[in-house]
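Notes to accompany the following structure.
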Amino acid sequence: MRAHYLIVLIACFSLTAINGARAQGAPAPRPLEVLRAEIDRVDGEVLALLNARAVLVAEVGAGKATSGGPVFRPGRQAALLRRLVERNAGPQTAQTQTAQTLVQVWTAIIAGSILQQKPDFRVAVAGDADQAGLAQSFFGAAIPQSRFAQPAEALDALVAGQADAAVLPAGGSWWLDVPQGLRIVAGAPLLRGADAPPEALILTRTEADPSGADLMLVRLSGTPPAGGTVLARAGADSLIALPAARALPPGATRLGLMAAPLSPKP
């Protein structure tokens, strides 16, 4: 579970909470030795809970080994992060800065769970350092990356089983010819404005599981339908995100399903 790495993230989480409490005019803190003892106690509880979670993940992994289910569940991940941000009552509030801290902490925990079930899990990233950064923000720093110059190379690695997911720029024209069996399953960053398009799209060899608030990705020639968001254009074709509940537009090719953006409350 890389518990030491997670404890560092929890410490960052705590520092942000302290700064927020100061800004809200909290009473003077207790003596430092008392507070440090309390922090040590909480850190021990956090570590115990992480290990208890790891035991449950091991059971889940054993079941997936039998059923062949995927270890990366982007819909469940999005639903979990959305639920945590919406339910959080503070001092880590749902504002953008503190919501980002929550997402980073649980992304690292989820990454540990993925690697616990599949130690060789790897992500193929097409593009520059910014794309690599988007991949790291979505999957966590612990997930290894393979870097490729072109989207087609990353897709080939995914098709060949050399990677478990591919992270490609949301623009360009690679979506005109997605290899058979691959599906778009997520957009990155997940935490962004409700109307902001993703900067990267994530593909896997399996369909995304619904998150409860999802968008359908389609390729369509001609005029985009009302209510859709155009993510990219190539000639007369468009890559469009539509509400998942809508029927597939005539002439459209469905490319996948992804969670709607996780937007922090104002």
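Atom CZ of R76 is surrounded by 12 or fewer heavy atoms from other residues, nucleotides or ligands within 6.0 Å. Around the CZ atom of R233, the shell of radius 6.0 Å holds no more than 12 heavy atoms that belong to other residues, nucleotides or ligands. Heavy-atom neighbours of D195 CG from other residues, nucleotides or ligands within 6.0 Å: at or below the threshold of 12.
The side-chain contact (heavy atoms from CB on, under 4.5 Å) test with R192 is passed by exactly one of S263, P198, P197: P198.
For the residue pair A196 and P261, the shortest heavy atom distance occurs at O-CG, 4.3 Å. The shortest non-hydrogen separation linking P189 to L134 is CD-CD2, 3.7 Å. Between V125 and A135, the shortest heavy-atom distance links the atoms CG2-CB, 3.7 Å. Across every non-hydrogen atom of R183 and G256, the tightest pair is NH2-N, 3.7 Å. In terms of heavy atoms, A247 sits closest to M216 at O-CE, 4.2 Å. Closest of all the heavy-atom pairs between T204 and A165 is CG2-CB, 4.0 Å.
The main-chain N or O of A234 is never found under 3.5 Å from a side-chain atom of S238 such that the two would form a donor-acceptor pair. With Q77 contributing its side chain and F138 its backbone, the two residues share a donor-acceptor pair below 3.5 Å. Side chain of D130 to backbone of G133: no donor-acceptor contact under 3.5 angstrom is found.
Taking a cutoff of 4.0 Å between a charged side-chain nitrogen and a carboxylate oxygen, R219 and D237 do not qualify as a salt bridge. In summary, D120 and R122 do not engage in a salt bridge, as defined by a charged side-chain N under 4.0 Å from a carboxylate O. A salt bridge between E207 and R254 is present, with a side-chain N of the basic residue lying under 4.0 Å from a carboxylate O of the acidic one. The residues E33 and R36 are annotated as not salt-bridged, no charged nitrogen and carboxylate oxygen being separated by less than 4.0 angstrom. Salt-bridge formation is detected for the pair D209/R73: a Lys NZ or Arg NE/NH1/NH2 atom is positioned less than 4.0 Å from an Asp or Glu carboxylate oxygen.
The aromatic rings of F139 and F72 lie tilted to each other, with the angle between the two planes from 30° to 60°.
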Chi angles and distances behind the side-chain contact (heavy atoms from CB on, under 4.5 Å) call for I184, I202: CA-CA 6 Å; I184 299 173; I202 297 162; over 6 Å; no
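I143 contributes atom CD1, which lies 5.0 Å from atom CD1 of I114 (distance to the nearest 0.5 angstrom). Atoms CG and CG, on L191 and L102 in that order, are 9.5 Å from each other to the nearest 0.5 Å.
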